[in-house]
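Each remark here refers to the structure printed beneath this line.
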Amino acid sequence: MFYWFLKFIALGPALKVVFRPHAEGVENVPAQGPAILASNHLSYADWLFMPLVIPRMVRFVAKAEYFTSPGVKGWLQKTFFSGTGNIPIDRSGADAASGALISAKRVLGEGELFGIYPEGTRSHDGRLYRGKTGIARLALETGVPVIPTAVVGTDVVAPPGKKFGRIIRPTVRFGKPLDFSRYAGMENDRFILRSITDEIMYEIMRLSGQEYVDMYASRAKEESKKGDSAKGAERKPAA
């Protein structure tokens, strides 16, 4: 109930009035049944605008700590995250990635929409980075379609490192469903997983218009920080 309260009463109408988000390809999102919405990730605002433009709830995984922290703050945090469609990463997994996969499969098994950012983290410079193959494994193990999705302009609304930028009209584009049933039973073949992931990322790139970089976003961020540190050291005056 909290999700729908936010979407249709407390938060959604205000976002629509102020930002007037534009949506394309909404008809590609199934009216019922499970599907994976695979999106680029430019800003923390992505998870607000992407679900806002479609009538169905979109579920995401979040850190288990958001649901287990003690005290009043922990209770408020748990209420907010669970109420906005987020579910905790399953701790029974061997690691965070496998735990997220377990949680995602549970959502899809219940016939719901599951949102995922294949890059694994937000882009720090607006470019699209290499996707992680967890999405391919999820698609093969569940047999559900993947809807490539692109958000455009959210990095202007909420730029990396800032709470707010400026008001523009963001766009959300949903591509045609991708069916990978031809690879059924091959979820343990790393070459197949990479091929599927690259196909998904290509469709996201085509929808978003971003420059593609064949490098993981986390590594790109680290290299960018190292480069900034080196430049800062060069600018320091000699003792």
Side-chain angles (χ1 to χ4, degrees), residues 36-47 49-50 58-66 86-91 93-105 114-142 146-156 158-162 172-173 175 178 180 183 186-232:
I36 300 168
L37 300 181
S39 176
N40 60 332
H41 200 11
L42 293 172
S43 163
Y44 71 82
D46 297 338
W47 74 274
F49 288 106
M50 189 256 273
V58 182
R59 310 294 298 274
F60 296 88
V61 293
K63 294 178 181 179
E65 289 73 17
Y66 292 153
N86 292 277
I87 58 171
I89 292 175
D90 193 303
R91 289 184 177 274
D95 51 36
S98 59
L101 184 63
I102 293 170
S103 296
K105 289 168 69 174
F114 179 72
I116 186 172
Y117 302 111
E119 292 168 277
T121 186
R122 285 176 286 177
S123 171
H124 68 288
D125 59 6
R127 297 187 294 177
L128 183 69
Y129 286 89
R130 195 180 200 210
K132 296 188 175 182
T133 59
I135 186 173
R137 182 177 295 278
L138 179 62
L140 291 184
E141 291 187 359
T142 61
V146 177
I147 314 295
T149 305
V151 289
V152 180
T154 51
D155 54 335
V156 178
K162 296 183 180 180
V172 185
R173 299 188 180 105
L178 301 176
F180 298 107
Y183 298 121
M186 304 177 73
E187 58 270 13
N188 292 319
D189 187 321
R190 64 188 181 92
F191 296 105
I192 293 296
L193 294 179
R194 173 46 57 193
S195 176
I196 290 173
T197 304
D198 289 345
E199 183 176 340
I200 294 170
M201 298 310 294
Y202 175 82
E203 289 302 316
I204 295 174
M205 178 189 71
R206 189 178 62 80
L207 291 166
S208 68
Q210 292 170 275
E211 177 187 347
Y212 179 76
V213 182
D214 192 22
M215 177 190 297
Y216 290 120
S218 55
R219 179 184 169 190
K221 284 183 179 181
E222 290 176 2
E223 293 191 357
S224 177
K225 288 180 181 179
K226 290 179 181 178
D228 291 342
S229 297
K231 290 180 181 179

Closest heavy-atom pair and its distance - T133, T197: CA-OG1, 3.3 Å
Pairwise distance CE(M50) to CG(L37) - rounded to 0.5 angstrom: 5.0 Å
Contact summary for P118 and I204, nearest pair of heavy atoms: CG-CD1, 4.4 Å
Ionic contact status for E187 with R137, cut-off 4.0 Å: no
Taking every non-hydrogen atom, the tightest pair across E203 and P148: CB-CB, 3.7 Å
Nearest heavy atoms of V146 and A139, plus distance in Å: CG2-CB, 3.8 Å
Sidechain-backbone polar pair: D198 side chain, S195 backbone, donor-acceptor under 3.5 Å: no
M201 vs Y129 side-chain heavy atoms within contact, under 4.5 Å: no
R130 backbone acceptor or donor facing D214 side chain under 3.5 Å: no
E222/K226 salt bridge by N-O under 4.0 Å criterion: no
Side chain to side chain contact (heavy atoms under 4.5 Å, CB included) assessment of S123 paired with N40: CA-CA 8 Å; S123 171; N40 60 332; over 6 Å; no
Steps toward side chain to side chain contact (heavy atoms under 4.5 Å, CB included) verdict (I196, Y183): CA-CA 9 Å; I196 290 173; Y183 298 121; 3.6 Å; yes
Approximate separation, where rounding is to 0.5 Å, of K221 NZ and K225 NZ: 7.5 Å
Working for side chain to side chain contact (heavy atoms under 4.5 Å, CB included), residues R127 and Q210: CA-CA 6 Å; R127 297 187 294 177; Q210 292 170 275; 5.6 Å; no
Y202 atom OH, over 12 foreign heavy atoms within 6.0 Å: no
Within 45° cone and under 6.0 Å: R59 NZ/CZ vs F114 ring: no
Heavy-atom pair with the smallest gap, counting every atom of T121 and A217: CG2-CB, 3.5 Å
Minimal non-hydrogen separation, L207 against T149, with atom names: CD1-N, 4.2 Å
Rounded distance [0.5 Å steps], CG in D125 versus CG in L42: 10.0 Å
Enclosure of R219 CZ (heavy-atom neighbours >12, cutoff 6.0 Å): no
Test item: R122 and P160 side chains (from C-beta on) under 4.5 Å apart, heavy atoms: no
Test side-chain contact (heavy atoms from CB on, under 4.5 Å) applied to F49 and V151, V152, T154, the passing residue: T154
From CD1 (I200) to CD1 (I36), nearest 0.5 Å: 7.5 Å
